There are 2 protein chains.
Amino acid sequence: MVAGPLRIARAGREKPPSQSGESHVIRVFRTLELLASGPHTAAEIAGALGVNRSTALRLLTEIEQLGYVLRDPITKSYAIAPARFYPFISSHADDLDWSAVVDPVLLELREAFGEATVMGVPANGTMVYLAFFPSSHIITVRERLGTTRPMHCSALGKAYLSALDDRSLDGELASLNYQGGSPLAAQGPIELRRRLEETRKRGYAIDRNETIDGMSCVAIPVRISGTLIGAIGLSGPSLRISETRIAEMGKRLLQVAPRLGGTLR
Amino acid sequence: MVAGPLRIARAGREKPPSQSGESHVIRVFRTLELLASGPHTAAEIAGALGVNRSTALRLLTEIEQLGYVLRDPITKSYAIAPARFYPFISSHADDLDWSAVVDPVLLELREAFGEATVMGVPANGTMVYLAFFPSSHIITVRERLGTTRPMHCSALGKAYLSALDDRSLDGELASLNYQGGSPLAAQGPIELRRRLEETRKRGYAIDRNETIDGMSCVAIPVRISGTLIGAIGLSGPSLRISETRIAEMGKRLLQVAPRLGGTLR
DNA sequence: TTTCACAGTTGCTCCATGCGCAACTATCTT
DNA sequence: AAGATAGTTGCGCATGGAGCAACTGTGAAA
């Protein structure tokens, strides 16, 4: 008897099918990350977090009151408030002031090859673009500041990894998740390790359609006053970047490397 | 009897003298804001948040695992992981691509006066520097990207406010908190409103020792394709920036204003 | 060497936070 | 007028997590 109500009651008490039980802290950052990829409605956030709609609303409202997200009253959607995050990015960004050293090199490289040049640093198993100079070509890869790329397949990532000492490298290799690359990407630590050995021999890192099919990139690590901080590279559509072009770019990178302490090993 | 234990028990149950009872969301962002001002130990964070040491540790550990703060094992302190916040700043930063328009103007102005030039946008009742070109002088104001300045006394803030229509302005004026300026700053909406009228007449905003004693700044608003997005200005030590110098700067700003739709009204 | 101070960890208890729910309002669209 | 969707709110319960205290680990002082 009373099958109906009982079923409802059961359904109500069961934890919703999603991965619930996440801490508040995780929810906050998951929300920010979701919004960083573009505006979303409260309902979408609720779905992604696996929480009740009212819970998501309460969360979003609270973050909005703190000013870190903005609500667009017209689309009824929520978006990141980019300006509020600037104070976080400049914390010790100028302790090691790389931009004065790196920017001229990036501009020069873009000049030489006409392709986009980028500078990235490691963050949480990915490489984050801290500087980005777009290509002068019309057809180009859509990138921007703050773009993140997987460590294990991007040229920037591999350049950075190559420059680590073996001890740190082993730790890194073990903690990477090897997701998010194309089928050409290394699928695990052993294969990646092998490719990094090649990279070290070669002196520069190559990503040919590994991160995104149709995109190629060449990179070397960057050291500022001896400290490894990230990598720089040239990036563009594979159509324009032939094997020989890659070699030219690599050669040029090796030439500029001494100016930013960026040789491997 | 048992006075000792009882006293301890009482003390334990009483809410600590601080402003406790804050939500988790607020704690997360308060923590980030604290760390943005420089590295802190867990104990310091605990004190600032008014929570138990172990609570702060658990919070910091959790955020650290997400990669948004870094722990320095040597100083045993926690700091912001700046790179992780880059993805948040570029969300729609290039939807309205101001840097291509604004940067050349800022460089030109710095060239002309030898003082630092900045571009800022409103965020949560403050102005945040999104671009900053340092002065060529040795003695200069220490600023950087991501610096925030109060709306009601900084030149950038007043330039921005001046450009609002009266309706929006009234809302803004009411919600500002009029803290954080020098004694010269407007202390409330009425006085600020009066000064903004002057600013509108003049065409550019002036901050003479209002935000920080010894610092002066001149600014005008910026509109990109008709949309008010912020303000640009010249900034430097008051010692070098006389009244007549301010007038020269203002005049020059009014000259470049059309190039970035930055006239008042 | 011992001692001390402090960072970080953990098991325990207990309670307030805040979650899900559902009913409601407010808009806007059809 | 009806429907869809965003946002709000009161309620009751469960549980996340706060505080506490005892513990370990480490580095500096004595």
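Just so it is clear, the model here is predicted, and its values are computed rather than measured.
Side-chain atoms of A:Lys158 and A:Leu192, non-hydrogen and from C-beta on, do get closer than 4.5 Å to each other.
Minimum heavy-atom separation, B:Gly67 to B:Ala81: O-CB, 3.3 Å. Considering all non-hydrogen atoms of both residues, B:Pro150 and B:Gly180 come closest at CG-O, 3.8 Å.
Contact between the side-chain N/O atoms of A:Asn52 and the OP1/OP2 oxygens of C:dC19 is not found at any separation under 4.0 Å. Residue A:Arg27 has no polar side-chain atom (N or O) positioned under 4.0 Å from OP1 or OP2 of C:dG18. In this structure, A:His24 does not reach the C:dG18 phosphate: none of its side-chain N or O atoms is under 4.0 Å from OP1 or OP2.
Atom pair B:Leu49:CG and D:dG19:C1' shows a separation of 15 Å (rounding to whole Å applied). At whole-Å resolution of the value, CD1 in B:Ile63 and P in D:dG17 are 13 Å apart. Rounded to a whole Å, the CD1 atom of B:Ile26 is 14 Å from the P atom of D:dA18. C:dT29 atom C1' lies 16 Å from atom CD1 of A:Ile74, rounded to whole Å. Across the protein-nucleic acid pair, B:His40 atom NE2 and C:dC6 atom P stand 18 Å apart, rounded to whole Å.
With sequence neighbours excluded, the residues forming a side-chain contact (heavy atoms from CB on, under 4.5 Å) with A:Asn177 are A:Gln179, listed by chain and number. Residues that satisfy the ring pair (Phe, Tyr, Trp, His ring centres under 6.0 Å) test with B:Tyr68, not counting sequence neighbours, are A:Phe29, B:Phe85. Residues satisfying the salt bridge (charged side-chain N to carboxylate O under 4.0 Å, His left out) criterion with B:Asp170, sequence neighbours excluded, are B:Arg193. With sequence neighbours left out, A:Arg195 forms a salt bridge (charged side-chain N to carboxylate O under 4.0 Å, His left out) with A:Glu191, A:Glu210.
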Go through the steps for B:Leu35 and B:Leu60 under the test side chain to side chain contact (heavy atoms under 4.5 Å, CB included), then give the verdict. CA-CA 11 Å; B:Leu35 294 181; B:Leu60 285 166; 4.2 Å; yes
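Distance check, rounded to the nearest 0.5 Å: CZ of A:Arg200 to CG of A:Leu169 gives 5.5 Å.
At its two ends the helix from C:dT1-D:dA30 to C:dT30-D:dA1 runs along axes set 40° apart, each axis drawn from five pairs and the angle rounded to 10°.
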Determine, for nucleotides 4-10 of chain D in 5'-to-3' order, which nucleotides have protein heavy atoms under 4.0 Å from the base (write B), from only the sugar-phosphate (write S), or from neither (write -). --BBBBB
